[in-house]
Amino acid sequence: EGVIAHELEHLLMNYSDPGEVSWVDEGLADMAIFLNCYDIGGSHLTYHQVFHRETSLTRWGGGLENYGASLTYFLYLWEQAGGNGDGTFNADCQYDGAGGDLLLKLIFQNQADGMAGVQAAIDAYNAMPGTTDLRSAEELFKDWAIAVKLDDESSDRWNFINIDFGDPAFTSWSVDIANDLFWKNRGQYFGRVPEGRWANSPKVPAQSALPFGVSYETFRNLGRNVTLDFEGEPTGRVAPHSEPNHWWGGAESQNENYLNVDTPVTAGDVVDFWTWYFIEEGWDYGYVEALVNGVWTTVPLYEYGTTTVVTTNTDPHDNNAGNGLTGTSGGAYFVDDPEYVHLQTGPLPAGTTDVRFRYSTDAAYLDTGFFVDDVMVDGAAATLSSEPGHWILTTGIQNNNWVVQILSPCDLTPGTTSEGELVDDAGNYVYRFEGNSIHEAGFNTTCLDNKEQITVIISNLTTGDIQVLDADYKLRVTGSNKKG
């Protein structure tokens, strides 16, 4: 019955907002299970706790861990907005028109997609009479990242009321248990970690972050005085073949996005172009289509200047319309990095009056997508255009917005309220810093006993046209016993 609730949400979403991105749709579908009083414990929560570092909230991967991330994010929003709206937080199997129920309804209804749609719904919620002023979608993400790790039932801010991680009734796993047992002490450090040890330790995870992902690293007995140093890449980019811009087919699931070739074409013309693509192999496809006698028809593509066909008619999942590009440009899927390649059509068929590009995606996992540049028709530069919501002309730059948080069970800056310091009613302290380059010293750990630890939490809240790229960083947390 819970599955029916989940799938019914998809049916309604497909009717009301078919372009909504998967992480929102799937998170709300799992919340439909919860709100109809069915069990939400099990594999979705387990996989997210275990594979938390390998999971992006906003870049849908289609794994059980992605479902767990989306479910817990929206559950956290529901609880922070007041649950049923009457002071109760257990699912009551009905729509109450207030609190978290109202917020989720607004998110479902909002036609903006992804995090923009969540924020628009929060703005609408906050503007309604009788509602409490809810924090922004991004601030809630930062707090959600802490709650996923801490889950302190005494906390009003960093707790899940309806989930207890590590309790077999929901999931036997927690972030700490997973890093300890499954990942063999990944990101867990005892004592000082000098540079040489840090550089060679198998405990240190790859210094790379997924968009809207979370990494947790814990430190015990570092010394009296602790310093945090962080350097993150300010931007990521899929660079165009020719500066400054190229066309991108977007990152929306279950969509057909079109890029029009406005330059007149006729039978016998040859269209050539450069393309960079990383497309879910066998599931999503890029096409060049010709309008032949009034019917849009896919055409085969060749390596430029050769008769080597690069498109495929193989159709393992009934998604390929024929002559599709899929996988990785210039290499093997998930083996080689994509690169720009030069392709062309053959002579366009008799009856051709128009040409366009199409990027076709299914309802689940997405890769970076389909880029096109330097399109030519019979050797002359072509003019391109696309309707709003389809392809975009972009520099290909992703803006990285780093957030580094220190979670502590006690005050690491006694006697002062430091910048970015937050404390809840349970006495948990969070020190929140933002930026590409962070240097913070003066944390005093004398309030910790030998068994207590601090946790450094790293996230990249990407913005810009492109928001789906991984980004590298360097983290160092050092300690000493020097006074002063």
Side-chain angles (χ1 to χ4, degrees), residues 45-56 65 68-69 72 142 144-152 155 158 160 164-167 171-210 213-232 402-410 412 428-433 438 440 443-460 470 472-481:
L45 299 180
T46 293
Y47 271 69
H48 181 231
Q49 289 294 297
V50 174
F51 298 102
H52 54 273
R53 200 176 193 281
E54 291 71 32
T55 305
S56 165
E65 61 274 15
T72 55
K142 299 167 193 175
W144 165 82
I146 296 167
V148 166
K149 169 70 163 61
L150 182 62
D151 191 24
D152 184 347
S155 175
W158 299 311
F160 286 93
D164 187 6
F165 299 119
D167 181 344
T171 172
S172 297
W173 293 86
S174 67
V175 168
D176 286 336
I177 293 171
N179 281 337
D180 183 19
L181 299 180
F182 188 88
W183 297 107
K184 302 185 186 304
N185 300 312
R186 179 180 69 176
Q188 298 178 333
Y189 315 102
F190 181 82
R192 296 174 205 166
V193 188
E195 188 63 42
R197 180 180 165 197
W198 179 266
N200 296 290
S201 173
K203 295 182 179 180
V204 179
Q207 305 283 277
S208 183
L210 280 65
V214 182
S215 176
Y216 305 96
E217 302 192 42
T218 60
F219 300 84
R220 286 175 53 197
N221 294 344
L222 274 171
R224 174 190 177 96
N225 301 302
V226 171
T227 299
L228 167 72
D229 285 287
F230 176 88
E231 295 287 338
W402 295 98
V403 179
V404 180
Q405 305 182 84
I406 298 176
L407 169 62
S408 170
C410 60
L412 301 180
N428 298 298
Y429 283 78
V430 168
Y431 304 86
R432 181 173 291 169
F433 309 103
I438 299 169
E440 296 290 338
F443 296 108
N444 187 320
T445 64
T446 54
C447 63
L448 298 171
D449 66 35
N450 288 336
K451 294 183 179 180
E452 290 181 318
Q453 63 190 20
I454 61 172
T455 302
V456 176
I457 304 167
I458 300 168
S459 299
N460 181 19
D470 295 353
D472 293 338
Y473 64 85
K474 293 181 180 179
L475 170 71
R476 287 293 280 120
V477 181
T478 53
S480 75
N481 284 320

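Given the structure is predicted, the values throughout are model-derived calculations rather than measurements.
Inter-residue side-chain proximity for Val404 and Tyr431 is flagged as unmet; no heavy-atom pair is nearer than 4.5 Å. Using a 4.5 Å heavy-atom threshold, the side chains of Val226 and Leu412 count as separate. Leu45 has its side chain out of reach of Trp173: every pair of non-hydrogen atoms, C-beta onward, lies at least 4.5 Å apart. When side chains are defined from C-beta on, Thr218 counts as touching Gln188, because their heavy atoms get closer than 4.5 Å. Contact annotation: the side chain of Leu448 approaches that of Cys410 to within less than 4.5 Å [non-hydrogen atoms, C-beta and beyond]. The closest side-chain heavy-atom distance from Val50 to Glu65 is not below 4.5 Å. For the pair Ile177 and Gln49, the minimum side-chain heavy-atom distance is 4.5 Å or more. Between Val430 and Trp158 the shortest side-chain heavy-atom distance falls below 4.5 Å.
Relative ring orientation between Trp198 and Phe219 is described as parallel, the plane-to-plane angle staying below 30° on a 0-90° scale split at 30° and 60°. Classification of the Trp144-His48 ring pair by plane angle, with boundaries at 30° and 60°, yields parallel.
Closest heavy-atom contact between Leu222 and Gly191: CD2-O, 3.7 Å. In plain terms, the two heavy atoms of Thr445 and Gly223 that are nearest each other are OG1-O, 2.6 Å. Heavy atoms only, all atoms of each residue included: Gln207 and Leu475 are closest at OE1-N, 3.1 Å. The two residues Asn450 and Arg220 make their nearest non-hydrogen contact at O-NH2, 3.0 Å.
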request  = Please report the C-alpha distance between Tyr429 and Cys447 in whole Å, then the side-chain angles of each, then the deciding distance to 0.1 Å, and finally whether the side chain to side chain contact (heavy atoms under 4.5 Å, CB included) criterion is met.
outcome  = CA-CA 12 Å; Tyr429 283 78; Cys447 63; over 6 Å; no
request  = Begin with the C-alpha distance, continue with both residues' side-chain angles, and end with the deciding distance and a verdict on side chain to side chain contact (heavy atoms under 4.5 Å, CB included) for Thr72 and Phe165.
outcome  = CA-CA 11 Å; Thr72 55; Phe165 299 119; 4.2 Å; yes
key: Full working for side chain to side chain contact (heavy atoms under 4.5 Å, CB included) between Asn179 and Arg53   = CA-CA 10 Å; Asn179 281 337; Arg53 200 176 193 281; over 6 Å; no
task = Evaluate side chain to side chain contact (heavy atoms under 4.5 Å, CB included) for Val148 paired with Tyr216, printing each intermediate quantity in order.
result = CA-CA 10 Å; Val148 166; Tyr216 305 96; 3.6 Å; yes
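Annotation: salt bridge (Lys or Arg N to Asp or Glu O under 4.0 Å) contacts involving residues 194-210, sequence neighbours excluded, comprise Glu195-Arg476.
Annotation: side-chain hydrogen bond (donor to acceptor under 3.5 Å, both in side chains) contacts of Ser174 (sequence neighbours excluded): none. Take Arg192 and apply the side chain to side chain contact (heavy atoms under 4.5 Å, CB included) test, not counting sequence neighbours, and it matches Asn481. Remark: Glu54 engages Arg186 in a salt bridge (charged side-chain N to carboxylate O under 4.0 Å, His left out) (not counting sequence neighbours). For Ser459, the side chain to side chain contact (heavy atoms under 4.5 Å, CB included) partners two or more places apart in sequence, or in a different chain, are Phe141, Val214, Leu461. Applying the salt bridge (charged side-chain N to carboxylate O under 4.0 Å, His left out) rule to Asp176 yields the partners Lys149; only residues at least two apart in sequence or on another chain are considered.
Residue Tyr47 qualifies as open at atom OH: its count of foreign heavy atoms under 6.0 Å is 12 or below.
Aromatic ring centres of Phe230 and Phe433 lie farther apart than the 6.0 Å criterion allows.
Side-chain atoms of Arg224 and Thr446 form no donor-acceptor pair, as typed in the model, at a separation below 3.5 Å.
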